[in-house]
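Note that this is a predicted model, so its numbers are computed, not measured. All heavy atoms count here, side chains included; hydrogens, waters and symmetry mates do not.
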Amino acid sequence: MSTDYSKEAAESAGTGAGSLTGSRRILIMTAVDAERDAVVRGLRGNPRFDVRSAGVGPVEAAVTTATLLATANEAYDLVVCAGIAGGFKGQAEIGSLVVASEIVAADLGAQTPDGFLSLDELGFGSSRIAAATELVEPVTSALRSAGLQAVSAPVLTLSTVTGTAESAEELASRIPGAAAEGMEGFGIAAAAHKVGIPVLEIRSISNAVGPRDKAAWRIGDALQSLEAASTVLMEVL
């Protein structure tokens with residue numbers, strides 16, 4: 001179930017609320033409560049931001065986001081998918097941040113004897129949604145200026161998290177430059193895109209894409225980076 005923590009955070013922050021120089025009303029969607037809480041801490045009660053948990057996976061995330069957009073009392077100007085994710089080696093290391101240049105449904109298509117065919121190649125639509133072009137580079141630059149390691153690159157959405165070196169290599173080869181994979185971005189982006197609202201996806205890297213080595217995961221560090229990134233968002237959005 002999604003939960004609205006923005007009003008509560010704003011009231012508890014009092015005069016310590018963050019910068020209100022921007023005018024956008026922004027919906028931030030995370031998958032789980034731990035991510036939502038990290039974002040809320042970083043935003044320091046700024047009332048322009050409405051932070052919700054969407055659930056895990058593209059379908060749950062799309063349904064929750066679409067419902068929120070359809071029932072909101074006031075229109076949103078921007079939707080942001082935020083959370084932790086796996087990073088592709090050589091593209092995004094643990095603890096770094098990725099701002100999606102495009103959001104790709106990497107497993108939406110068909111397997112054939114000659115390899116994977118995307119929805120685009122099948123002629124049934126598109127498996128790619130562009131992020132808000134005018135915001136991607138300013139957000140990435142602002143994160144770097146704040147001392148955070150950040151890149152702009154494609155972020156993949158999958159219903160099944162990659163768990164082998166072979167599948168990681170196949171994805172990296174099929175979608176050159178991909179830096180991160182998560183499970184909600186395309187669903188959230190599709191819901192926003194359907195009603196004409198621009199979208200961003202920001203991911204903090206907790207582990208490497210590939211074999212599931214939980215001992216190497218740094219979820220706490222990734223949540224701290226997500227919190228720090230959220231503080232920067234107040235100033236640039």
Side-chain angles (χ1 to χ4, degrees), residues 1-13 17-18 24-86 97-100 103 105 129 131 139 155-161 180-195 197-207 217-234 237:
M1 178 179 297
S2 66
T3 308
D4 181 357
Y5 276 69
S6 297
K7 182 177 180 181
E8 177 184 335
E11 291 172 349
S12 65
R24 293 184 180 93
R25 185 165 185 257
I26 300 168
L27 175 63
I28 298 183
M29 302 298 294
T30 70
V32 298
D33 291 352
E35 294 167 322
R36 179 204 62 203
D37 293 346
V39 172
V40 168
R41 288 193 300 271
L43 292 173
R44 301 172 185 171
N46 190 311
R48 291 192 300 112
F49 295 84
D50 187 6
V51 187
R52 309 284 188 117
S53 52
V56 175
V59 174
E60 184 74 11
V63 170
T64 303
T65 304
T67 300
L68 288 169
L69 294 177
T71 59
N73 292 327
E74 297 180 56
Y76 295 101
D77 301 298
L78 177 69
V79 175
V80 180
C81 172
I84 65 176
L97 294 154
V98 179
V99 180
I103 301 163
I129 296 175
V139 168
V155 174
L156 310 186
T157 299
L158 296 100
S159 295
T160 301
V161 173
E181 72 165 30
M183 299 181 72
E184 296 76 32
F186 191 84
I188 291 168
H193 185 70
K194 194 74 172 179
V195 293
I197 301 175
V199 64
L200 289 175
E201 182 171 9
I202 300 172
R203 292 288 182 173
S204 177
I205 305 304
S206 60
N207 58 278
W217 291 4
R218 298 292 181 267
I219 292 177
D221 292 343
L223 290 173
Q224 288 181 1
S225 293
L226 184 62
E227 179 179 342
S230 300
T231 299
V232 174
L233 291 184
M234 288 194 298
L237 295 180

Across all chains, not counting sequence neighbours, the side-chain hydrogen bond (donor to acceptor under 3.5 Å, both in side chains) partners of E35 are none

Would you say the side chain of L27 lies within less than 4.5 Å of the side chain of I197, judging by non-hydrogen atoms? no

For the residue pair A85 and A180, what are the closest heavy atoms and their distance? CB-CB, 4.4 Å

Applying salt bridge (charged side-chain N to carboxylate O under 4.0 Å, His left out) as the test, list every pair that has at least one member in residues 219-232; sequence neighbours left out. R41-E227

Which heavy atom of A54 sits nearest a heavy atom of M29, and at what distance? CB-CE, 3.4 Å

Heavy-atom distance under 4.5 Å between the side chains of L237 and L200, does that happen here? yes

Would you mind reporting whether R52 and T64 have side-chain heavy atoms less than 4.5 Å apart? no

Which heavy atom of A38 sits nearest to which heavy atom of L226, and what is that distance? CB-CD2, 4.3 Å

Interatomic distance, D50 atom CG to I28 atom CD1 [nearest 0.5 angstrom]: 9.0 Å

Please report the shortest heavy-atom distance between A100 and V155, naming the atom on each side. CB-CG2, 3.6 Å

Heavy-atom closest pair (A189 atom, I103 atom, distance to 0.1 Å) is CB-CD1, 3.8 Å

N/O donor to acceptor pairs below 3.5 angstrom from side-chain atoms of residues 181-188, sequence neighbours left out:
| residue | atom | partner | partner atom | Å |
| --- | --- | --- | --- | --- |
| E181 | OE1 | T162 | OG1 | 2.6 |
| E181 | OE2 | T162 | N | 3.0 |
| E181 | OE2 | T162 | OG1 | 3.4 |
| E184 | OE1 | R203 | NH2 | 3.2 |
| E184 | OE2 | G57 | N | 3.0 |

Residue of the set L68, L69, V63, T67 for which side-chain contact (heavy atoms from CB on, under 4.5 Å) holds with T65: L69

Rounding to 0.5 Å, atoms CZ (F49) and CZ (R24) come to a distance of 9.5 Å

Given 3.5 Å as the limit, does a donor-acceptor pair link the side chain of S204 with the main chain of A222, or not? yes

Quick check against the 3.5 Å criterion: does S53 have a side-chain atom that pairs as donor or acceptor with the backbone of T30? no

I need the M234 CE to I26 CD1 distance, nearest 0.5 Å. 11.0 Å

Rounded distance (nearest 0.5 Å) linking atom OG of S225 with atom CD1 of I205: 9.5 Å

